[in-house]
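Numbers here simply count residues along the sequence, with the first being 1. Keep in mind it's a predicted model, so treat the numbers as computed, not measured.
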Amino acid sequence: MTAVRTADVTDFLAWLREGDNEHRPLSASSAARTVVAVRGFHKFAVREQLAADNPAAVVKPPGTAKRLPKALPIADVEAILEASGRGGTALALRDRALLELLYGVGARISEAVGLDVDDLDLVESVVRLSGKGGRVRLVPVGSYAREACERYLVQVRPQLAARGKAAGAVFLNARGGRLSRQSAWSVLGRAAQRAGLPSAVSPHTLRHSFATHLLDGGADVRVVQELLGHASVTTTQIYTLVTVDKLREVYATTHPRALR
């Protein structure tokens, strides 16, 4: 135990990541879990006085690669929105309003289903969203979302509200209660399926698409941060990686000397 040095642990980590003829290299996340286990073992050995020090204490697990958020092409978003209102029924109008608002303001699903009527000011075209950590933000509502919400609030919500006791909730279910997160997921899943897209599309996919499309259109990352309600711009900057990838792809396929 006392013969193990910090260099041994770092060499072990390098071997985990590189592998050899008999062992496949581990991913960053798998190697990180192994290093954490090694550090824990040596910490135990020190606590039990089996070793004088912990040679793994200063060895940091490898950082895992950032997963880029998946954004839908604008055409796919439009197809989902069109499919959500198909049929013109009362619930179809509600569904269209819900999805238009989710994509139009980049709301989290919990923020959308938690909306009360007083939070949505369609005269001023603004919505008040209550996000994580109790942070409240005002987000502009675009014309498509505003018109969809106006149709729903005037034509549909009063008859749904008469069936239940959801008080001021904006989005109601067929019984007049506040629409749940699960039901909102189902609304999107059905619309995606009708549009010929995977039903696994999530409300967060619309939020990712909102941010990515803004940045693609030239929006400043700090403006997008405010719209999304991120506490730190670092969280928002992951979306800039998506746009850089898009720029690289366009460059590679259009510039005459981009590729050999």
Side-chain angles (χ1 to χ4, degrees), residues 27-30 32 62-86 95-114 127 129 131-132 135 137 139-142 144-145 148 171 179-254:
S27 66
S29 57
S30 295
T64 56
K66 291 183 177 180
R67 293 185 179 180
L68 296 181
K70 294 181 180 179
L72 294 172
I74 295 175
D76 286 355
V77 173
E78 291 176 340
I80 290 174
L81 296 175
E82 289 294 330
S84 66
R86 196 171 295 163
D95 295 349
R96 179 66 180 265
L98 171 66
L99 299 190
E100 285 280 7
L101 194 67
L102 277 172
Y103 173 65
V105 304
R108 300 177 178 92
I109 188 62
S110 57
E111 294 171 344
V113 298
V127 63
L129 299 174
K132 293 182 178 179
R135 291 188 296 273
R137 67 191 187 279
V139 181
V141 178
Y144 287 91
F171 294 108
L179 193 70
S180 68
R181 287 168 53 97
Q182 293 78 7
S183 295
W185 271 73
S186 297
V187 167
L188 177 55
R190 290 193 300 268
Q193 196 169 36
R194 286 196 294 269
L197 298 169
S199 57
V201 172
S202 73
H204 226 62
T205 305
L206 292 183
R207 181 169 158 87
H208 292 325
S209 302
F210 165 84
T212 302
H213 297 163
L214 280 172
L215 289 166
D216 283 345
D220 183 87
V221 67
R222 290 200 176 272
V223 172
V224 178
Q225 174 197 356
E226 291 294 328
L227 293 172
L228 291 174
H230 287 160
S232 169
V233 73
T234 304
T235 309
T236 315
Q237 284 173 334
I238 184 93
Y239 293 100
T240 64
L241 300 178
V242 179
T243 57
V244 167
D245 283 346
K246 184 175 181 179
L247 289 173
R248 186 178 291 112
E249 179 183 351
V250 172
Y251 172 80
T253 55
T254 58

- Got more than 12 heavy atoms from elsewhere within 6.0 Å of CZ, Arg222?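 Counting neighbours around CZ of Arg222, 12 or fewer heavy atoms of other residues, nucleotides or ligands fall under 6.0 Å, so no.
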To check you understand the geometry: which heavy-atom pair defines the closest contact between [X] and [Y], and what is its length?
X	Y	value
Leu227	Pro140	CD2-CD, 3.8 Å
Pro203	Ile109	CB-CB, 3.8 Å
Arg181	Ser110	NH1-CB, 3.4 Å
Ser180	Val113	O-CG1, 4.0 Å
Leu98	Ala112	CD1-CB, 4.2 Å

May I ask you to decide if Ala107's main-chain N or O and Arg207's side chain share a donor-acceptor pair within less than 3.5 Å?
->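 Not a single qualifying donor-acceptor pair exists.
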| Within the distance-only criterion (no hydrogens, no angle test), does the side chain of Ser84 pair as donor or acceptor with the backbone N or O of Leu81 below 3.5 angstrom? |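 Confirmed, Ser84 side chain pairs with Leu81 backbone.
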According to ring-ring contact (aromatic ring centres under 6.0 Å, His included), who are the partners of His213, at least two apart in sequence or on a separate chain?
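By the ring-ring contact (aromatic ring centres under 6.0 Å, His included) rule, His213 matches Tyr103.
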Practice task
For residues 97-108, pull every pair meeting salt bridge (charged side-chain N to carboxylate O under 4.0 Å, His left out), keeping only residues two or more places apart or in separate chains.
Solution key: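 Every pair satisfying salt bridge (charged side-chain N to carboxylate O under 4.0 Å, His left out) with a residue in residues 97-108: Arg96-Glu100, Arg108-Glu111.
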- Ala211: what forms a side chain to side chain contact (heavy atoms under 4.5 Å, CB included) with it, not counting sequence neighbours?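 Counting only residues at least two positions away or on another chain, Ala211 forms a side chain to side chain contact (heavy atoms under 4.5 Å, CB included) with Val224, Leu228, Tyr239.
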Taking only residues two or more places apart in sequence, or in another chain, which ones meet Ala195 in a side chain to side chain contact (heavy atoms under 4.5 Å, CB included)?
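Counting only residues at least two positions away or on another chain, Ala195 forms a side chain to side chain contact (heavy atoms under 4.5 Å, CB included) with Ala79, Ile80, Ala83, Leu197.
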- Query: Under 4.5 Å between any side-chain heavy atoms of His208 and Lys70, yes or no?
  - Reply: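 In short, these two side chains do not touch, never coming nearer than 4.5 Å.
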Open item on the list: Using the side-chain contact (heavy atoms from CB on, under 4.5 Å) definition, which of the options Leu72, Leu99, Val201 pairs with Val77?
Closed with: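 Between Val77 and the candidates, side-chain contact (heavy atoms from CB on, under 4.5 Å) is satisfied uniquely by Leu72.
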Requested in this report: Please round to the nearest 0.5 Å and tell me the distance separating atom OH of Tyr144 and atom CG of Leu101.
Outcome: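 Going from OH on Tyr144 over to CG on Leu101, the span is 16.0 Å.
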Show which side-chain atoms of residues 186-193 pair as donor or acceptor with protein atoms under 3.5 Å away, not counting sequence neighbours.
residue: Ser186; atom: OG; partner: Gln182; partner atom: O; Å: 3.1

Any residue meeting side chain to side chain donor-acceptor pair (under 3.5 Å) with Ser202, in chain and number order, not counting sequence neighbours: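 Residues passing side chain to side chain donor-acceptor pair (under 3.5 Å) with Ser202: Thr205.
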Side chain to side chain contact (heavy atoms under 4.5 Å, CB included) evaluation trace for Arg137 with Glu226:
CA-CA 8 Å; Arg137 67 191 187 279; Glu226 291 294 328; over 6 Å; no
